[in-house]
Every structure is written in C-alpha cells, then in structure tokens.
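Because only heavy atoms are used, hydrogens play no part in the values below, and waters and symmetry mates are left out as well, while side chains stay in. Counting begins at 1 with the first residue of the sequence.
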Amino acid sequence: MPSGACASVPRHIAIVMDGNGRWATKRFLPRLAGHKKGVDALRRCVRLCIERGVAVLTVFAFSSENWNRPQEEVSGLMDLMALALTREVPELAREGVRLHFVGERAGLSEKVQTGFAQAEQMTAHNTQLVLNICFNYGGRWDMAQAAAKVAAAGQPLTEENLSAAMALAHVSEPDLLIRTGGEMRISNFLLWQAAYSELLFSDRLWPDFDAADLDAAIAQYAQRERRFGQISAQIASK
C-alpha cells in the first residue's frame, strides 16, 4: 500500500460523470442531448489525462440502477453507446488508449457486447492510458460477482482473493475519485476500490467539465496527505 504525501498527479482518476440531464434541461433540450455532450466531455478528459501523465481513467457511464430511468432515455443511451463505439474507438486506439468495459454484459444488446469485445481487442496493446468504462456496473454487483468467483474456485474469502477477483483487478485502486454535478455521494461506484481514494465533489455539470476543472482537482489532490491508517508523524519519518 502506498504511503506518504501524494504525488502531484494521481496515477488513477475515477469520475462519476453526473449532470448531463440537468445540463440539457437548463437549455430546454432533451436529456439525451446532454448525454451526447457528455461524450464530448469524456473525449476531452481523456486527452487532458494523457497530457498530464495520468495512467488510468475510470468513468461511470451507466449504472446498474440506470435501468430504472424512463425507457426512452435508456434506449437513447444504448444507441449512443453503440454510436460512440463506432466513432470514438478508432481515434482512441490511435491515441494509445487501452479500453476496458467493466460491468455485467448479460442483458446488453448483442451489438453493444460485440462492440465492447472488438474495442478491447483493437486497443489491447496500447499503453498511453487505460480507460475503464463502467457500463451496467454497480459496486455491490462487483463485490457479489467477485465473491461468487472466489467461492467457485474453492478459495477462502480473504481480502486478497476478493481484490484479485474484482472487475478492476487489472489496475491499481483509484487515487482520486471525482463526482461532478454537485451531488455528494458515490452512488454504488467502486465501493471496494475507493476505500482509500481521495474524494472530490464538483458543482460543475459533466458536459462543462474542462481543463481548468481537472487541473483544480489535481491541485487539490496534491495538497492532501494520504496516510492509509497511519499518523502524520509516521509519514514524515519515511
């Protein structure tokens, strides 16, 4: 486990991309227009993270609970994901981004599932940035599937075995977790992995999240001392 005052740039940033619908409503637009702008904001954020030396970016794109939204919005989000796979993945591949789609794939359309698999295969050897897109994901689901996997393997339910079975076991735990949109909760996102993440809540609606917002978040992160259960004096002595 890392120790000491945190480095100036977090290795792994996780983001709850909240506020798309409200962004659209404020402009008298359909909510789906806000989600489309949210894709633009994610594209911008990926490039900013690459420029700033972030190694891993994990975003909450569609939660297990989002199925409870109006059917029209859910259908629109599924269509938007299918379109984004076609339009965005080739460019992300050229920029050196390695894609992982994290979440329960059963229940998603065959087109989306195939798109996920193809995008992961196309970008498998990239090393510039790991982009985890959590889609049909929930932190409780993640812990339940990990426990089931460990039990099926006949292993004891230890922290180490559960960590290795989590859907994000391929990357380090998030150093910084940002939620946009003004809400101050993590809404079933990375419940296991965010145990020691620094949390930052921004009033900025996700489509408006820009370089200044990311830099402000990184600057605030750099001022924090990460103790992982120790005291400041122990950290200072290392």
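- In this structure, F101 and F116 have parallel ring planes: the angle between them is below the 30° cut-off, well short of the 60° mark.
- Under a 3.5 Å cut-off, the side chain of R44 and the backbone N or O of P207 do form a donor-acceptor pair.
- For R11, the CZ atom counts as loosely surrounded, since its 6.0 Å shell holds 12 or fewer non-hydrogen atoms of other residues, nucleotides or ligands.
- Summarising the geometry of L99 relative to A119, their closest heavy-atom pair is CD1-CB, 4.1 Å, with the distance given to 0.1 Å.
- A single hydrophobic cluster is not seen to contain both V16 and L80; linkage of ILVMFWY side chains at heavy-atom distances under 4.5 Å, directly or through other members, places them apart.
- Connection of L77 to W23 is not established within any shared hydrophobic cluster, with ILVMFWY side chains joined at heavy-atom distances below 4.5 Å, either directly or through further cluster members.
- Checking Q193 against S197 by side-chain atom types alone, no donor-acceptor pair falls below 3.5 Å.
- Smallest separation of non-hydrogen atoms from G138 and S64: N-OG, 3.3 Å.
- The 12-atom threshold is not exceeded at CD of E72, counting heavy atoms of other residues, nucleotides or ligands nearer than 6.0 Å.
- Residues L48 and D210 share a closest heavy-atom pair of CD1-C, 4.0 Å.
- With hydrogens and angles ignored, the 3.5 Å screen pairs a side-chain donor or acceptor of N66 with a backbone N or O of S63.
- Taken from CG in L131 to OG1 in T58, the straight-line distance is 7.5 Å, to the nearest 0.5 Å.
- Each of V46, V39, D40 was compared with L42 under the side chain to side chain contact (heavy atoms under 4.5 Å, CB included) criterion, and only V46 meets it.
- Applying the 6.0 Å contact sphere to CZ of R140 captures no more than 12 heavy atoms from other residues, nucleotides or ligands.
- Scored by the ring-ring contact (aromatic ring centres under 6.0 Å, His included) test, H12 finds no partners at all (sequence neighbours excluded).
- Here the CD1-CD distance, from I178 to Q220, works out to 9.5 Å after rounding to the nearest 0.5 Å.
- In terms of heavy atoms, V150 sits closest to A165 at CG2-CB, 3.9 Å.
- In this structure, W67 and F62 have perpendicular ring planes: the angle between them is above 60°, well past the 30° mark.
- By the 6.0 Å contact criterion, CZ on R87 is open, its count of non-hydrogen atoms from other residues, nucleotides or ligands being 12 or less.
- Here side chain to side chain donor-acceptor pair (under 3.5 Å) pairs that include residues 47-57, with residues two or more places apart or in two chains, are R47-E95, R52-D215.
- The closest side-chain heavy-atom distance from C45 to I15 is below 4.5 Å.
- For the pair K26 and L205, the minimum side-chain heavy-atom distance is below 4.5 Å.
- For W141, the ring-ring contact (aromatic ring centres under 6.0 Å, His included) test picks out Y137, with sequence neighbours left out.
- Atom OG1 in T25 sits 6.0 Å away from atom CZ in R31 (nearest 0.5 Å).
- The 12-atom threshold is not exceeded at CD of E110, counting heavy atoms of other residues, nucleotides or ligands nearer than 6.0 Å.
- In this structure, W206 contributes its side chain and G38 its backbone to a donor-acceptor pair below 3.5 Å.
- Using modelled atom types, one side-chain atom of N126 and one backbone atom of A93 make a donor-acceptor pair closer than 3.5 Å.
- Within the model, atoms CZ of F201 and OG1 of T180 stand 11.0 Å from one another, a figure rounded to the nearest 0.5 Å.
- H35 has its side chain within reach of E73: a pair of non-hydrogen atoms, C-beta onward, lies under 4.5 Å apart.
- Side-chain atoms of D142 and L191, non-hydrogen and from C-beta on, never get closer than 4.5 Å to each other.
- With hydrophobic clusters built from ILVMFWY side chains whose heavy atoms lie under 4.5 angstrom apart, M78 shares a cluster with M17.
- A donor-acceptor contact under 3.5 angstrom links the side chains of R179 and S187, judged on distance only.
- Side-chain atoms of E88 do not come within 3.5 Å of backbone N or O of L85 as any donor-acceptor pair.
- Side-chain contact between S8 and I218 is absent, with no heavy-atom pair separated by less than 4.5 Å.
- Looking at L168 and W192, their side chains never come closer than 4.5 Å, going by heavy atoms from C-beta outward.
- Dense packing is recorded around NZ of K149, with more than 12 heavy atoms of other residues, nucleotides or ligands lying under 6.0 Å away.
- The two atoms that bring L176 and A217 nearest to each other are CD2-O, 4.1 Å, heavy atoms only.
- Both L92 and M122 are members of a single hydrophobic cluster when ILVMFWY side chains are connected at heavy-atom separations under 4.5 Å.
- Between the CG atom of L108 and the CE atom of M81 there is a distance of 9.0 Å, given to the nearest 0.5 Å.
- Although no hydrogens or angles enter the test, the distance criterion places a donor-acceptor pair under 3.5 Å between the side chain of N161 and the main chain of P156.
- V9 and L200 fall within a single hydrophobic cluster, where Ile, Leu, Val, Met, Phe, Trp and Tyr side chains are chained together by heavy-atom contacts under 4.5 Å.
- Residues I13 and L214 are in side-chain contact: their nearest non-hydrogen atoms beyond the backbone lie under 4.5 Å apart.
- Here the straight-line distance linking atom CG of L129 with atom CD1 of I50 works out to 5.0 Å at 0.5 Å rounding.
- Contact annotation: the side chain of M143 approaches that of M166 to within less than 4.5 Å [non-hydrogen atoms, C-beta and beyond].
- Residues A24 and P30 share a closest heavy-atom pair of CB-O, 3.2 Å.
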